[in-house]
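Contents: one structure, followed by commentary.
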Amino acid sequence: MHEVLQRLDNVAKRVGRPRPRLLAVSKTQPAAAIAELAALGQRAFGENYVQEAAGKQALLAQPGLEWHLIGHLQSNKAREAATLFDWVQTVDRGKLVTALARYRPAGSPPLNVLIQVNIDDEASKHGCQPEDVPALAAAIAAEPRLVLRGLMAIPAPLPDPERRRDAFHRMKTLFDTLAAQHPQADTLSMGMSDDYELAIAEGATMVRVGTALFGARPRKPETT
Ligand SMILES: *Cc1c(COP(=O)(O)O)cnc(C)c1O
């Protein structure tokens with residue numbers, strides 16, 4: 001983990017930006033692997049499936065960890081997600097905003113949310129269109145049980161790095177516009193093991209790294 005942090009540091013210095021936060025993507029990894037990184041000081045973990053996260057949280061019972069949902073969220077899982085997670089990075093429709101706000105437990109701090117943008121307009125990907133961001137942002141800002149923290153994207157895995165860079169750049173532009181309207185929006189979540197250097201260069205404030213931290217994933221994730 002320290003190697004990855006060191007690399008983030010080096011890249012950020014090289015491009016003259018602050019080091020982004022590291023989200024450790026622990027999908028398909030056992031709870032013990034999370035405990036290991038937590039012992040080294042890693043705090044934020046990303047999971048793709050509500051059920052899988054619930055299982056690991058029950059095993060870990062580790063205070064102080066910050067859980068991020070980074071997989072697509074079905075409305076019928078919103079209640080559980082609003083209870084289990086500290087952040088939901090995949091809000092892409094109004095119905096989800098309403099459901100998460102309704103189910104966020106009164107005793108918990110407001111849920112941090114990111115709007116997921118389908119920046120390359122891929123049919124296979126979730127996320128709203130860039131032009132939908134202002135209305136969704138306003139809906140989130142109107143909910144006292146939610147805090148709008150920013151934007152998230154998974155650009156198309158294009159082989160040409162310059163085209164990937166362009167997607168990150170368009171996200172940064174969208175993010176700057178959003179943050180001008182919503183000062184509490186301080187997070188631009190983009191970049192994974194393969195492309196975090198480009199994402200940092202274009203202004204990511206959080207990178208989501210799985211493989212480069214944990215090694216190759218042991219199995220395909222269950223669908224829950
Ligand atoms: C799996 C996943 C990641 C991490 O991918 P790696 O290539 O293993 O770093 C990041 N973001 C999302 C949304 C993911 O599903």
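Note that ligands are numbered from 1 as they come in the structure, with each ligand's atoms numbered from 1 the same way.
- Under 3.5 Å, the side chains of Thr90 and Gln116 contain no donor-acceptor pair of N or O atoms.
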Under 3.5 Å: N or O atoms of ligand 1 paired with protein N or O:
unit_1   : atom_1 : unit_2 : atom_2 : d
ligand 1 : 8 (O)  : Thr211 : N      : 2.8
ligand 1 : 8 (O)  : Thr211 : OG1    : 2.5
ligand 1 : 8 (O)  : Arg217 : NH1    : 2.8
ligand 1 : 8 (O)  : Arg217 : NH2    : 3.3
ligand 1 : 9 (O)  : Ser193 : N      : 3.0
ligand 1 : 9 (O)  : Ser193 : OG     : 2.5
ligand 1 : 9 (O)  : Gly210 : N      : 2.8
ligand 1 : 11 (N) : Arg208 : NE     : 2.9
ligand 1 : 15 (O) : Lys27  : NZ     : 2.7
ligand 1 : 15 (O) : Asn48  : ND2    : 2.8

Could you pull out every donor-acceptor pair under 3.5 Å between side chains of residues 125-139 and any protein atom, sequence neighbours left out?
unit_1 : atom_1 : unit_2 : atom_2 : d
Lys125 : NZ     : Glu122 : OE1    : 2.7
Lys125 : NZ     : Glu122 : OE2    : 3.4
Lys125 : NZ     : Ile154 : O      : 3.4
His126 : ND1    : His72  : ND1    : 3.3
Gln129 : NE2    : Asp121 : OD1    : 3.3
Asp132 : OD2    : Gln129 : N      : 3.3

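- Trp67 and Phe45 have tilted rings, their planes meeting at an angle from 30° to 60° on a 0 to 90° scale.
- Under the 3.5 Å distance criterion, with hydrogens and angles disregarded, no donor-acceptor pair is assigned to the side chains of Arg208 and Ser193.
- Of the candidates Arg149, Gln89, His68, Arg21, Ser189 forms a side-chain hydrogen bond (donor to acceptor under 3.5 Å, both in side chains) with just one, namely Gln89.
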Practice task
Step by step, work out the salt bridge (charged side-chain N to carboxylate O under 4.0 Å, His left out) result for Lys27 and Glu52.
Solution key: CA-CA 8 Å; Lys27 65 177 174 216; Glu52 189 182 330; over 6 Å; no
